[in-house]
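Chain letters run A, B, ... following the sequence lines, proteins first, then strands; residues in each count from 1. Because the structure is a prediction, the values reported are computed rather than measured.
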Protein chains: 2
Amino acid sequence: MVTISQVAEHAGVSPATVSRVLNGDERVGDEYKQRVHDAVAALGYRPNRLARSLRTQRRSAIGVVVSDIENPHFSEMVRAVEDLAYGAGHHLLVCNTDESAEKQRTYLEMLADEHVLGVILSPSHPAGEEIGLLIDRGIPVVAFDREVSDQRADVVIADNVKGARTATELLLRAGHTDVVYVGGRSDVETGAERLDGYALTMRRAGLVPRVAEADFRIEGARAAMTELLAAPQRPTALVVANNLMTVGVLAAMREHGLRAPDDLALVGIDDPFWAPYLDPPLTVVAQPVRKMAADAMELLHDRVSGRRTEPRRIVHPFELRRRVSCGTADPTTQ
Amino acid sequence: MVTISQVAEHAGVSPATVSRVLNGDERVGDEYKQRVHDAVAALGYRPNRLARSLRTQRRSAIGVVVSDIENPHFSEMVRAVEDLAYGAGHHLLVCNTDESAEKQRTYLEMLADEHVLGVILSPSHPAGEEIGLLIDRGIPVVAFDREVSDQRADVVIADNVKGARTATELLLRAGHTDVVYVGGRSDVETGAERLDGYALTMRRAGLVPRVAEADFRIEGARAAMTELLAAPQRPTALVVANNLMTVGVLAAMREHGLRAPDDLALVGIDDPFWAPYLDPPLTVVAQPVRKMAADAMELLHDRVSGRRTEPRRIVHPFELRRRVSCGTADPTTQ
DNA sequence: CTGAAAGCGCTTACAG
DNA sequence: CTGAAAGCGCTTACAG
């Protein structure tokens, strides 16, 4: 392990001068600069970032906490954040919480103890006190997808109520009246809001909401669908609460010999990369994940640079991406 | 920021004693222990992990370098690694290289400078000299999926040749003679080996290999398929080089009104979580990603603990997961 | 069993 | 422009 002192000795200067040269301090004389650069090259010296972070009290890591990196929604988010972080010379500590309050706490405490630059958190437990711990210690937190109780955090979310409304309205305008919502966990914010958006839209149209309850997961959706399709009255259209559930819904439909959109029209929420390639290509309302990630990073940078101290809250609209699964025809006139 | 000295003062002991208590040193007297614990609680003290790492020369972060976290293969790998790391109290620095030699170099150098505990690397550039830099500095490297030039690294790979052979043989045994390989990048190890496995198997059966060249990506596979299906003789079966390409292949087939397995039998390589839910459910040969991740972590821990200094190389077999897309009938007798 | 002191590898006022 | 010295927040031989 070559240290800065060894470089200094080799170059015949002080460690302070080596540090200055390496950090681009212009006041150093040209000959000294050259000698330092030569010594660095000769010894293959690389500064210890740990030591630098400790001394400068400035870290280059950003914590990203999601419930499950394997969920394409979060893979996309992490990917987008990573692209931006790389450009800024930062790197990512990625943490999965599995929707466990305890894992969230453990990870956030660890990130606090690591003195990360900031945290982008898709909360499993919005009221966790460890969120305040981070902010107390001057580590900015951006809540992603879901809000957190601590009002000092920044927030980047999508308008789930409107998103579900857009999906539902699309089907209602096509003439459907029996639109069922295949729902995710209504005990979490995103689940509750999407359900609300659907139910409100149905009621406003004078229709009765009907929900097949599931859990945001493939097999849960498949089971809920199996039950739904065994019921006396089969709906003509579905709104599905997230991308994983869509996979389960399509599987259940296939088992029952049903095709979208003819037997059952379908609008999904979320747009994983394979949605356009499903059979049929899936119509979805999608969160603009990349834009949201860019906002999250910008909010973080504003905080770190001290440009802003007041919390901000950015709400993105969902985007309708119309493909095939929603159908086009008015089913009442077929 | 509460420091260990403040805790010491509050408890009326030395910083050394606080450190000992917090690190579970049993030699400390019970009364002192109690006083330290009280002071820690009163002040809300949390040790600075950066300072500890610098002092002990022991880091708790593991670097994971993949080409693209959005590829389900790597999402699954990172997820599996993360599960194991969490249990061991480690956390993950996740890096995307986009198959760029430069990004790989930048990230690996950064991981070296961060003095991470170890690196799991799915190499974009197997001969990168920065791999040696890590090992020189005592940071163990486990090559994942693909080998690296530096012989000192550990290796966890799947037997791509046999995997592709298994896929091809399954189709040959079903009676197919015109099996086309929809190929990935044959300039990378995995691509080249899978191609070899396919081609060898065809030749051994007295058949002529036929390849639709693509690039491991959805659109590349779709384009290659469109070309293939425009050719005079349509094959009766396909082996597809990775999970993303399967998505493109199915899309192209749909555009041409072809269904698997009846019009075209299909075996994929890789088993993303949605493969069983595709239409038709996909028959695949799959790398045992979770087992491979577990091995990678174990190799890392062996190195870190000094239990082993000689490099190890673990080769996993692919697993055949037979579903619907490969068909069952002998097409020559239909 | 406990504390004073040194040191991990840097950076940065301070003095010259 | 350059260096000696202090210090970031810990841990750990060393001495008692």
To the nearest 0.5 Å, what is the distance between CG on A:L121 and CG on A:D150?
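Answer for the CG-CG pair, A:L121 versus A:D150, is 11.0 Å.
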Taking only the P atom of each, what is the distance from D:dT2 to D:dA6 in whole angstrom?
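Roughly 23 Å separates the two P atoms.
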Strictly below 4.0 Å, heavy-atom distances to any atom of DNA chain C: list the hits from residues 34-54 of chain A, or just say none.
A:Y45, A:R46, A:P47, A:N48, A:A51, A:R52
On DNA chain C, nearest-nucleotide positions of B:P15 versus A:P15: which is more 5'?
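Closest to the 5' end, via its nearest nucleotide, is B:P15.
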For B:R303 versus B:T309, what's the shortest heavy-atom pair and its separation?
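The answer is NH1-O, 2.7 Å.
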Are side-chain heavy atoms of [X] and [Y] found at a separation under 4.5 Å?
{"X": "B:H125", "Y": "B:L108", "value": "no"}
{"X": "A:D113", "Y": "B:R52", "value": "no"}
{"X": "B:Q104", "Y": "B:I131", "value": "yes"}

Can you tell me if [atom1] on [X] sees more than 12 non-hydrogen neighbours from other groups inside 6.0 Å?
{"X": "B:R137", "atom1": "CZ", "answer": "yes"}
{"X": "B:E9", "atom1": "CD", "answer": "no"}
{"X": "A:R308", "atom1": "CZ", "answer": "yes"}

Answer yes if the side chains of B:Q34 and B:D30 hold a donor-acceptor pair under 3.5 Å, and no otherwise.
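Short answer, no.
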Chain A contact limits on DNA chain C, taken 5' to 3' with a cut-off of 4.0 angstrom to heavy atoms:
C:dG9 to C:dA13
A:T97 and side chain to side chain donor-acceptor pair (under 3.5 Å): which single residue from A:S124, A:S67, A:S122 fits?
A:S124
Secondary-structure stems for DNA chain C, with pairs counted as Watson-Crick or G-U when both distances are under 3.5 Å and runs at least 3 long:
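Correct response: C:1-3 with D:14-16, C:5-12 with D:5-12, C:14-16 with D:1-3.
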